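As the structure is a computational prediction, the values presented were derived from the model and not from experiment. Labels below follow one simple rule: chain letters A, B, ... track the order of the sequence lines, proteins then strands, and each chain is numbered from 1. For the numbers below, each heavy atom of this structure counts, side chains included, while hydrogens, waters and symmetry mates do not.
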2 protein chains.
Amino acid sequence: MLTRLGGRISPLNAAERATLDRAIIEVRSVGARTILARKGERLEFSTILLNGFLSRHVDDRRGQRQFLSLQVPGDLVDFHAYPMRFLDHDVSALSEAQIALIPHSSIAEITEANAGLAHKMWLTTLLDAALHRGWIFRLGRLDGPGRICHFLAETAARLCAVGLGTPERFFLPLTQADLGEACGLTSVHTSRVLKALRSAGVCTFRDGTVSIEDPAALIRTGHFDPTYLYLNDGTRPGSEAAAAKHPASGKST
Amino acid sequence: MLTRLGGRISPLNAAERATLDRAIIEVRSVGARTILARKGERLEFSTILLNGFLSRHVDDRRGQRQFLSLQVPGDLVDFHAYPMRFLDHDVSALSEAQIALIPHSSIAEITEANAGLAHKMWLTTLLDAALHRGWIFRLGRLDGPGRICHFLAETAARLCAVGLGTPERFFLPLTQADLGEACGLTSVHTSRVLKALRSAGVCTFRDGTVSIEDPAALIRTGHFDPTYLYLNDGTRPGSEAAAAKHPASGKST
DNA sequence: CGAACGTTTGAGATGACTCAAGCGTTGTGG
DNA sequence: CCACAACGCTTGAGTCATCTCAAACGTTCG
């Protein structure tokens with residue numbers, strides 16, 4: 001069932017997958033635009049996304065929405081809700097979706113009995129933080145086209161990593177307004193940016209399908225550096241040669 | 001020594017604090033603007049910030065810097081580097097600072113031997129993710145004055161939580177350029193925004209000291225909602241009454 | 001056929017940026 | 001002790017990106 005689980009760093013082995021599988025008490029189908037959890041709500045369950053797409057988001061007082069993350073199939077959506085007890089944001093379904101529920105009591109048992117799996121669940125929640133950092137960079141340093149390209153490059157990489165779509169083409173059931181809420185742009189401006197990218201031959205976003213016509217341009221425009229996705233397992237090829245034994249070269253005490 | 005450690009959610013008890021204390025192999029003083037760790041570098045140690053301020057940041061190809069977080073005294077700065085093996089960003093000192101180093105081998109021993117402390121370290125890294133979400137909202141949904149106010153409100157809350165400063169006045173050794181890099185603004189625009197906030201009687205940022213003249217205005221302008229800081233220990237007073245037993249009201253399978 | 005929704009386009013306003021210059025303070029070397 | 005460089009901050013002028021408001025269009029669905 002959880003074939004795509006943990007597809008990135010440190011994938012689960014068969015035994016671990018089976019352990020998590022056994023902890024599932026319910027599989028549920030939800031309709032598009034269903035709200036799954038609200039900010040501040042006490043949660044007794046965490047969610048694995050089996051199929052479809054979810055978003056996590058906050059709304060400001062004026063009702064403006066900001067996406068915090070896009071969840072793709074295989075994601076452990078809100079495992080941080082187990083240590084945290086409640087969420088600081090909302091979770092909702094973008095498309096029809098299938099989710100699996102795991103009671104927090106089971107997670108507690110697993111983490112006590114299985115240090116290896118506990119470690120990997122920790123890792124998963126850290127990947128979440130790493131994704132957030134990618135979003136901070138996108139919003140803080142890129143303009144409209146840059147943000148859209150960065151988001152699409154990230155999403156392409158994540159979907160490829162779980163075997164959904166190719167680097168040139170994947171399914172993404174968002175509206176332009178959703179895309180804007182992810183990238184901090186209005187829907188009007190999102191439309192204009194997409195048009196520009198389309199006529200520049202970079203990419204096309206239509207009917208929930210993304211086609212990347214010029215991957216190099218997408219990466220360049222989005223200043224996309226996938227380091228933060230931790231797609232490789234720590235044995236990192238790029239940028240730094242030797243392992244650092246000590247941080248800093250500051251004056252010692 | 002680690003008096004301010006874990007000052008927010010789920011503080012450490014005396015025994016846990018002692019355990020972490022014993023794991024420290026070195027305390028080091030570093031000068032302002034020292035780089036402590038670089039993106040991609042393999043790390044064998046994680047850092048506790050004892051005194052001073054650090055930043056975590058990424059640079060794009062043009063050399064533009066985006067802050068990802070501000071670290072205040074008491075923070076476990078890069079404990080995610082233990083499961084992750086390497087960082088996806090740089091860490092550097094904003095001011096003179098004292099840091100304590102804990103070898104990853106000790107963290108491994110602790111997490112295996114002490115499930116309670118392991119859980120709290122997990123929590124700490126999750127708070128990091130929660131902070132990131134606050135930053136995503138700030139950058140995605142707020143304008144210049146909003147971002148500055150949100151950042152200052154967050155920082156005031158965090159510093160108060162560890163006993164440094166008051167809600168009206170605290171020490172923050174950043175330049176206006178730093179503040180801009182945190183908020184996704186140029187230093188020129190940061191200067192103008194600060195001037196506007198100053199003459200509106202909201203707050204003053206001068207010589208590394210922040211004075212909040214009108215806390216209500218600060219919070220209003222920054223659309224600041226501290227939920228994401230998890231300052232209270234899970235027993236949440238606000239916004240939601242009953243515990244949710246099931247997420248969503250979607251059609252069941 | 002009409003309503004709802006997502007998308008597109010236009011026009012005008014404004015927030016934020018860039019480039020550039022000037023100012024005050026601090027630190028340093030002659 | 002002075003001169004000068006370096007740094008952080010401020011201000012001005014002009015440009016550009018993005019927003020807002022508004023209208024129109026195509027598709028889907030009832």
- Message: Donor-acceptor check, side chain of Arg56(B) to backbone of Asp90(B), threshold 3.5 angstrom: yes or no?
- Response: no
- Does Lys195(A) have a side-chain nitrogen or oxygen under 4.0 Å from the phosphate oxygens OP1 or OP2 of dT9(C)? yes
- Item | Nucleotide dG6(C), atom P - distance to CG of Leu94(A) in whole Å | 12 Å
- Item | Charged N-O contact under 4.0 Å between Asp178(B) and Arg33(B) | yes
- Rounded interatomic separation in angstrom, taking CZ from Arg198(B) and C1' from dT10(D): 9 Å
- Arg33(B) side chain N/O closer than 4.0 Å to the phosphate oxygens (OP1, OP2) of dC7(D)? no
- Query: Less than 6.0 Å separating the ring centroids of Phe86(B) and Tyr230(A)?
  - Reply: yes
- Message: Distance check needed: dA11(C) P versus His189(A) NE2, whole Å only.
- Response: 18 Å
- Message: I want to check one thing: is the phosphate of dC17(C), taken as OP1 and OP2, less than 4.0 Å away from some side-chain N or O of Thr186(B)?
- Response: yes
- Query: Within this structure, what is the CG-to-P distance between Asp207(B) and dG8(D), rounded to whole angstrom?
  - Reply: 13 Å
- Message: Quick check on dC9(D): is either OP1 or OP2 less than 4.0 Å from any side-chain nitrogen or oxygen of Ser191(B)?
- Response: no
- Do Arg65(A) side-chain atoms and His57(A) backbone N/O form a donor-acceptor pair below 3.5 Å? no
- Query: Is the phosphate of dC7(D), meaning OP1 or OP2, less than 4.0 Å from a side-chain N or O of Gln176(B)?
  - Reply: no
- Would you check if the side chain of Ser191(A) reaches a backbone N or O of Ser187(A) as a donor-acceptor pair within less than 3.5 Å? no
- Can you figure out which of dT20(D), dC17(C), dA16(C) approaches the side chain of Arg192(B) most closely? dC17(C)
- Using a cut-off of 4.0 Å on non-hydrogen atoms, how would the nucleic acid contact of Arg147(A) be classed: base, sugar-phosphate, or nothing? nothing
- Touch class at under 4.0 angstrom, heavy-atom based, for Leu194(A) against every strand present: nothing
- Whole Å only: how far is the CZ atom of Phe205(A) from the C1' atom of dT7(C)? 11 Å
- N/O donor-acceptor pair, side chain Arg206(A) with base dG6(C), under 3.5 angstrom: no
- Message: Among dA20(C), dA16(C), dC19(D), which nucleotide has an atom closest to any side-chain atom of Leu185(A)?
- Response: dC19(D)
- For atom CZ of Arg141(A) and atom P of dC17(C), their distance in whole Å: 8 Å
- State which of dC9(D), dG10(C), dT18(C) makes the closest approach to the side chain of Thr175(B). dC9(D)
- Message: Distance check needed: dC7(D) C1' versus Asp178(B) CG, whole Å only.
- Response: 13 Å
- Within the structure shown, what part of the strands sits under 4.0 Å from Gly208(B) by heavy-atom distance: base, sugar-phosphate, or nothing? nothing
- Item | Within-4.5 Å side-chain heavy-atom neighbours: Leu87(B) and Lys39(B) | no
- Message: Expressed as a whole number of angstroms, how long is the span from Glu181(B):CD to dG8(D):P?
- Response: 11 Å
- Under 4.0 angstrom, heavy atoms only, what part of the nucleic acid is Gly146(B) near: base, sugar-phosphate, or nothing? nothing
